[in-house]
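What follows is a short report on a single structure.
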Amino acid sequence: MRLDKYLSEKYPQYSRANLQRMISEGLIKVDGQAVKASYQINGDEEIFFKEIEPINSKIEPENLPLKILYEDKDIIVIDKARGMTVHPADSIIHGTLVNALLYHCKDLSGINGVMRPGIVHRLDKDTSGVMVAAKNDKAHINLSEQIQSKTAKRNYLAIVHGEIKDNAGIIEGAIGRSKTDRKKMAIVANGKPAITEFKVLERFKNFTFVECNLKTGRTHQIRVHMSSIGYPVVGDPKYCNKKKSFEIKGQALHSYELKLIHPSTNEQMNFVAPLPEDMEKILKEIRGKNNE
């Protein structure tokens with residue numbers, strides 16, 4: 001039996017997706033080794049699994065600021081603020097997007113369990129921009145399939161260190177957990193395929209403003225890929241070793257556009273989240289220095 005299937009049957013309080021995430025992060029080991037969710041167990045292994053007490057009773061609706069771009073009975077599209085965590089985790093049960101959505105919406109899909117209701121895809125805590133959440137399971141399944149099949153398009157804006165010479169490019173590099181730091185992702189031989197397209201929007205002295213299009217959706221994908229070619233995202237605390245140049249809490253990365261097909265009406269929809277003030281200030285400062 002697959003490891004994730006066995007654990008989901010033994011621990012029904014956890015969703016299979018959540019168990020797969022824990023396995024991929026090395027929180028669940030077989031005979032002391034990190035393995036994949038598809039690992040076939042035969043009954044002779046020792047499985048290390050630090051059981052976490054379910055926190056569904058602790059996740060409470062909270063009246064937090066929420067920039068809503070669109071809402072109907074099936075979906076809600078928001079412009080997530082930089083610094084807001086998307087969903088509760090073991091040590092974070094307040095102040096997340098899920099807490100805000102639970103307050104605002106009467107219904108959210110339950111496919112991802114009590115910790116991530118309605119969450120179809122996510123953004124890093126310190127990445128801002130457009131996200132969609134599902135209000136029912138039918139919409140959730142439909143949107144998840146669109147993201148998996150790449151019919152849903154996600155475009156990002158980023159300010160990176162260095163002057164990119166090419167006007168556009170494609171970065172390919174399999175991404176997986178870093179072998180030297182389990183809290184970081186890296187390009188590794190046995191990682192999951194990852195493709196990022198980028199286009200230069202504006203060049204400055206020592207910096208470049210780029211648009212990135214995700215062809216896959218790996219954890220920290222843009223941050224890892226841009227860093228791997230020598231152009232790390234400004235302010236990135238994990239993948240940029242440059243001296244902090246600007247006042248921004250986190251990386252200068254913004255999910256500015258999401259294109260999807262409405263799960264009920266089949267209408268093609270396009271949502272745009274304006275560039276946040278912190279990134280506008282950085283661009284203004286760079287442009288000023290560039291013109292000196």
Side-chain angles (χ1 to χ4, degrees), residues 18 20-27 34 80-92 95-97 116 119 121-131 154-164 169-198 206-256 273 275-276 278-279 281-283 286:
N18 196 36
Q20 289 170 345
R21 177 185 62 80
M22 295 172 71
I23 293 169
S24 71
E25 292 178 358
L27 300 176
K80 187 188 83 68
R82 193 181 321 283
M84 175 179 266
T85 301
V86 169
H87 57 76
D90 308 334
S91 59
I92 303 171
T96 74
L97 177 61
R116 293 189 283 176
I119 301 301
H121 65 115
R122 60 185 293 277
L123 292 176
D124 297 333
K125 174 186 175 183
D126 291 324
T127 297
S128 57
V130 63
M131 280 186 62
R154 291 174 285 169
N155 295 313
Y156 292 73
L157 297 174
I159 304 169
V160 301
H161 286 275
E163 298 174 52
I164 301 176
I170 299 175
I171 309 169
E172 294 188 57
I175 293 177
R177 192 67 54 180
S178 169
K179 291 180 171 58
T180 57
D181 186 345
R182 297 298 295 174
K183 294 182 179 180
K184 295 173 67 174
M185 307 302 288
I187 293 180
V188 293
N190 62 343
K192 294 181 179 179
I195 303 172
T196 303
E197 291 185 350
F198 71 85
N206 300 323
F207 299 96
T208 308
F209 185 36
V210 296
E211 175 187 311
C212 295
N213 174 253
L214 290 178
K215 296 302 180 184
T216 53
R218 308 306 176 203
T219 302
H220 301 173
Q221 180 172 316
I222 292 173
R223 299 163 63 188
V224 171
H225 271 173
M226 294 309 297
S227 179
S228 74
I229 62 170
Y231 303 103
V233 179
V234 166
D236 192 330
K238 285 185 182 290
Y239 306 104
C240 178
N241 58 9
K242 305 281 187 180
K243 182 180 177 182
K244 189 172 181 180
S245 308
F246 307 98
E247 284 301 317
I248 184 169
K249 295 179 180 178
Q251 56 273 359
L253 180 62
H254 177 68
S255 170
Y256 88 97
L275 199 66
D278 53 9
M279 287 180 67
K281 284 184 176 179
I282 292 175
L283 288 175
I286 295 174

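Worth saying up front: this structure is predicted, and the values here are computed from it rather than measured.
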Apply ring-ring contact (aromatic ring centres under 6.0 Å, His included) to Y231 and list each qualifying residue two or more places apart in sequence or on a separate chain.
none
Can you list everything that forms a ring-ring contact (aromatic ring centres under 6.0 Å, His included) with F207? Sequence neighbours excluded, please.
H161, F246
When you compare the side chain of [Y] with that of [X], does any pair of heavy atoms fall below 4.5 Å?
{"X": "L275", "Y": "Y256", "answer": "no"}
{"X": "L97", "Y": "L123", "answer": "no"}
{"X": "H254", "Y": "P276", "answer": "yes"}
{"X": "Y239", "Y": "V233", "answer": "no"}

Could you report the tightest heavy-atom contact between [X] and [Y], atom names first, then the distance?
{"X": "P237", "Y": "R223", "answer": "CD-NH2, 4.2 Å"}
{"X": "T219", "Y": "I175", "answer": "O-CG2, 4.0 Å"}
{"X": "V130", "Y": "A273", "answer": "N-CB, 3.9 Å"}
{"X": "K238", "Y": "D236", "answer": "N-OD1, 2.9 Å"}
{"X": "G235", "Y": "I248", "answer": "CA-CG2, 4.5 Å"}
{"X": "C212", "Y": "I222", "answer": "CB-CD1, 3.8 Å"}

Look up atom [atom1] in [X] and atom [atom2] in [Y], then write down how far apart they are to the nearest 0.5 Å.
{"X": "K249", "Y": "K125", "atom1": "NZ", "atom2": "NZ", "value": "10.0 Å"}
{"X": "K80", "Y": "D126", "atom1": "NZ", "atom2": "CG", "value": "7.0 Å"}
{"X": "S255", "Y": "H121", "atom1": "OG", "atom2": "NE2", "value": "7.0 Å"}
{"X": "R218", "Y": "L214", "atom1": "CZ", "atom2": "CG", "value": "10.5 Å"}

With sequence neighbours left out, the residues meeting side chain to side chain donor-acceptor pair (under 3.5 Å) with D278 are R82
What pairs with Y156 under side chain to side chain donor-acceptor pair (under 3.5 Å), at least two apart in sequence or on another chain?
none
Any Lys/Arg nitrogen of D124 or R122 sitting under 4.0 Å from an Asp/Glu carboxylate oxygen of the other?
yes
Distance-only donor-acceptor pairs under 3.5 Å for side chains of residues 188-198, two or more places apart:
{"from": "T196", "atom 1": "OG1", "to": "Q221", "atom 2": "NE2", "distance (Å)": "2.8"}
{"from": "T196", "atom 1": "OG1", "to": "H225", "atom 2": "ND1", "distance (Å)": "2.8"}

Residues H87 and T96: side-chain donor-acceptor under 3.5 angstrom:
no
Checking side chain to side chain contact (heavy atoms under 4.5 Å, CB included) for the pair V234/K242: CA distance, chi angles, key distance, verdict?
CA-CA 8 Å; V234 166; K242 305 281 187 180; over 6 Å; no
Please enumerate all residues that pass salt bridge (charged side-chain N to carboxylate O under 4.0 Å, His left out) together with K281, with sequence neighbours excluded.
E277
Just by distance, do the side chain of E163 and the backbone of N206 share a donor-acceptor pair under 3.5 Å?
yes
